[in-house]
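Everything quoted here is computed from the prediction, not taken from an experiment. Every chain is numbered from 1, with letters handed out A, B, ... down the list of sequences.
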2 protein chains.
Amino acid sequence: MNAPIMSQSRCGDCPIRHRAVCARCNADELEALDAIKYYRTYEAGQPIIWSGDVMNFVGSVVSGIASLTQTMEDGRTQMVGLLLPSDFVGRPGREGAAYDVAATTDVVMCCFRKKPFEELMERTPHIAHRLLEMTLDELDAAREWMLVLGRKTAREKIASLLAIIARRDATLTPGGATNRMVFDLPLTREAMADYLGLTLETVSRQISALKRDGIIELEGKRHVTVPDMRRLMEEAGDDSDGGFLG
Amino acid sequence: MNAPIMSQSRCGDCPIRHRAVCARCNADELEALDAIKYYRTYEAGQPIIWSGDVMNFVGSVVSGIASLTQTMEDGRTQMVGLLLPSDFVGRPGREGAAYDVAATTDVVMCCFRKKPFEELMERTPHIAHRLLEMTLDELDAAREWMLVLGRKTAREKIASLLAIIARRDATLTPGGATNRMVFDLPLTREAMADYLGLTLETVSRQISALKRDGIIELEGKRHVTVPDMRRLMEEAGDDSDGGFLG
DNA sequence: TGGTCCGTTTGATCTGGGTCAAGGCTCTGG
DNA sequence: CCAGAGCCTTGACCCAGATCAAACGGACCA
């Protein structure tokens with residue numbers, strides 16, 4: 001609780017490293033961040049922001065998983081992003097939210113009031129710079145996901161999602177990057193379907209198929225073991241291992 | 001040729017307004033931009049950059065259309081972005097390209113050498129700021145497209161693409177935002193299929209269907225008339241008119 | 001004037017994933 | 001200990017869009 005989780009600098013007493021914000025901040029800047037910061041918790045399933053709402057804060061996910069979702073008038077939905085701990089939420093310089101944000105699991109957010117955050121950004125170029133980098137990362141991720149949505153089969157989609165979650169998990173689990181990987185699915189079948197542009201029945205069937213074929217092992221419905229990440233990546237149609245394995 | 005196309009400031013003698021770069025630059029900054037600027041032309045079909053290549057420039061499309069494409073090892077491709085005149089290419093602060101960029105029609109690019117551009121960015125906060133805004137726009141567009149790819153039917157996909165092209169065209173055609181719209185398709189059926197996650201046969205069939213149903217009129221294979229934009233938007237499943245019509 | 005090349009259209013057929021429907025687990029609360 | 005609610009799985013069937021195949025049409029060239 002008092003030992004840093006990461007070796008990076010953190011803003012004030014915040015238990016996570018804000019990737020976007022304070023990786024390179026000095027003491028004064030951290031203090032300024034602390035002054036405009038507050039925490040907020042959401043229960044699993046709760047909305048955090050609705051598309052079009054005025055957002056008066058930006059922030060980072062501290063724990064739990066949040067999702068970004070687009071919705072059509074007739075109710076069809078597509079998840080367009082997953083927010084894992086340390087991911088940034090919000091659009092400096094923008095009034096409203098562009099999509100619905102909801103808590104997929106219980107979520108703790110570290111928020112910064114938007115106006116003062118933007119002012120701080122103005123006079124702190126490296127924060128603006130870091131924010132640009134981070135937005136470029138998100139753009140890359142979004143465009144990679146467009147390939148998944150547009151061209152991959154249901155089985156490849158599932159494998160891609162599992163690979164992403166495993167990889168993200170690994171970055172939070174020191175020394176985790178081996179061939180065998182174990183993690184918990186933070187999403188229901190329905191949420192996976194929303195992310196993958198599938199129905200929950202197809203998600204369920206394909207997970208069963210991957211299990212039958214020995215690509216994954218399941219303990220209960222959520223706890224996943226991948227005996228060999230390379231095989232999973234092949235199933236994802238993604239031999240370029242995304243920089244994940246040596 | 002000597003009269004400005006746009007009423008905005010432009011960098012030096014460049015015939016387009018660089019949305020990202022010089023909308024708010026002063027004379028000194030424009031001069032600095034001019035000093036590191038050069039033009040380059042590409043024929044339709046030519047590659048501009050390959051994914052993974054080191055990019056030593058950033059720039060804007062001056063005329064023509066370029067595409068961003070993701071490719072899988074087995075040859076499946078997904079177009080992840082369209083670059084129309086005034087769109088920005090390149091990733092300040094990044095070494096390599098993340099996707100293939102190719103000229104879809106003949107293209108003229110206005111390029112800035114990357115190193116000096118980044119230096120200029122460092123000491124010119126409003127350029128960095130504008131770049132962030134623009135990247136956020138691209139991110140929004142990418143995420144909107146994820147909904148198209150993941151959840152829309154073939155007919156809706158085609159209608160969405162036509163609506164986007166019409167809208168983009170309108171921004172370049174003063175006074176063009178009426179209900180009736182006329183434009184040329186800058187893409188082959190195959191390129192449309194790549195963008196929409198379909199096959200070219202399906203694209204062709206759905207275009208024929210939209211024509212049969214009177215949503216669009218075709219003169220040759222490329223010249224499109226939309227008698228009533230609202231009907232097209234409905235077909236796109238996108239009643240929120242994207243800020244296009246009053 | 002007639003190839004031939006390339007993008008496009010159209011037809012016939014097949015199939016992956018959607019839809020509808022019926023249970024099966026597992027946790028919670030009475 | 002049972003009932004109910006949420007998820008999840010599995011089966012049967014269907015359809016939108018993929019695949020395979022043929023032919024069209026306009027631009028270019030000999």
Side-chain angles (χ1 to χ4, degrees), chain A residues 43-46 72 74-78 104-106 148-162 184-213 216-224 235 237, chain B residues 43-46 65 67 72 74-78 104-106 148-162 184-213 216-224 235 237:
Chain A
E43 282 175 30
Q46 272 193 330
M72 291 172 67
D74 63 9
R76 280 177 281 176
T77 65
Q78 174 66 52
T104 295
T105 63
D106 289 353
V148 173
L149 290 174
R151 292 301 181 191
K152 291 195 178 180
T153 65
R155 172 183 264 242
E156 288 169 336
K157 286 180 175 181
I158 298 286
S160 299
L161 178 57
L162 294 177
D184 282 312
L185 278 176
L187 300 174
T188 65
R189 301 291 185 259
E190 189 180 21
M192 288 191 245
D194 279 349
Y195 200 20
L196 296 167
L198 297 171
T199 59
L200 75 168
E201 293 96 327
T202 299
V203 169
S204 181
R205 273 187 254 273
Q206 295 299 335
I207 288 182
S208 298
L210 288 176
K211 182 172 146 192
R212 180 172 2 92
D213 299 345
I216 60 172
E217 291 154 22
L218 274 183
E219 216 180 296
K221 288 148 202 306
R222 297 299 190 87
H223 193 74
V224 180
E235 291 293 341
Chain B
E43 282 176 30
Q46 272 194 331
I65 315 249
S67 61
M72 291 172 67
D74 63 9
R76 278 177 284 175
T77 65
Q78 174 66 52
T104 294
T105 63
D106 289 352
V148 173
L149 290 174
R151 293 300 181 191
K152 290 196 179 179
T153 65
R155 170 182 265 243
E156 289 169 336
K157 285 179 175 182
I158 298 286
S160 300
L161 178 58
L162 293 177
D184 282 311
L185 278 177
L187 300 174
T188 64
R189 301 291 184 261
E190 189 180 20
M192 289 190 244
D194 279 349
Y195 200 20
L196 295 166
L198 298 170
T199 60
L200 76 168
E201 293 97 328
T202 299
V203 169
S204 181
R205 272 187 253 273
Q206 295 299 334
I207 288 182
S208 299
L210 288 175
K211 182 173 147 193
R212 181 174 358 94
D213 300 345
I216 61 173
E217 291 153 23
L218 273 183
E219 215 180 298
K221 288 147 201 307
R222 296 299 189 87
H223 193 73
V224 180
E235 291 292 342

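- For C/dG18, one of the phosphate oxygens OP1 or OP2 lies less than 4.0 angstrom from a side-chain nitrogen or oxygen of A/Thr202.
- In this structure, A/Leu198 atom CG and D/dG17 atom P are separated by 15 Å, rounded to whole Å.
- Taking CG from A/Leu162 and CG from A/Leu185, the interatomic distance works out to 6.0 Å, rounded to the nearest 0.5 Å.
- Using a 4.0 Å heavy-atom distance criterion, B/Ile207 is classed as making no nucleic acid contact.
- Within the nucleic acid shown, A/Gly197 comes within 4.0 Å of sugar-phosphate atoms alone, with no base atom in reach, counting heavy atoms only.
- Note: CD (B/Glu156) to C1' (D/dA16) measures 12 Å, nearest angstrom.
- No donor-acceptor pair closer than 3.5 Å links the side chain of B/Glu217 to the backbone N or O of B/Val224.
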Do any N or O atoms of the protein come closer than 3.5 Å to N or O atoms of nucleotides 20-26 of chain C, and which pairs are they?
from	atom 1	to	atom 2	distance (Å)
C/dC20	N4	A/Glu201	OE2	3.2

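- To the nearest angstrom, P of C/dG7 lies 12 Å from CZ of B/Arg189.
- D/dG17 atom P lies 10 Å from atom CD1 of B/Ile158, rounded to whole Å.
- A 4.5 Å side-chain heavy-atom check between A/Ile207 and A/Arg189 finds at least one atom pair inside the cut-off.
- One interatomic measurement links the two molecules: NZ of B/Lys152 to C1' of D/dG17, which rounds to 18 Å at whole-angstrom precision.
- Rounded to whole Å, atom C1' of D/dG17 lies 12 Å from atom CZ of A/Arg151.
- Across every non-hydrogen atom of B/Tyr195 and B/Leu149, the tightest pair is O-CD2, 3.7 Å.
- Residues satisfying the side chain to side chain contact (heavy atoms under 4.5 Å, CB included) test with A/Thr188, not counting sequence neighbours, are A/Glu190, A/Ala191, A/Arg222.
- Contacts of A/Leu200 with the nucleic acid, taken as non-hydrogen atoms under 4.0 Å apart, are absent.
- Across the protein-nucleic acid pair, A/Gln206 atom CD and D/dC8 atom P stand 16 Å apart, rounded to whole Å.
- A/Ser208 comes within 4.0 angstrom of sugar-phosphate atoms only, judged by non-hydrogen atoms across all strands, and of no base.
- Nearest heavy-atom pair across A/Thr199 and A/Ala193 is C-CB, 3.5 Å.
- Whole-Å rounding puts the B/Leu149 CG to D/dG17 P distance at 13 Å.
- Dashed line: the shortest gap from a side-chain N or O of A/Thr199 to OP1 or OP2 of C/dG18 is under 4.0 Å.
- OP1 or OP2 of C/dT8 has at least one side-chain nitrogen or oxygen of B/Arg222 nearer than 4.0 Å.
- A/Arg205 contributes no side-chain N or O that, together with a main-chain N or O of A/Leu200, makes up a donor-acceptor pair within less than 3.5 Å.
- Nucleic acid contact for B/Ser204: base, since at least one base atom lies under 4.0 Å from a heavy atom of the residue.
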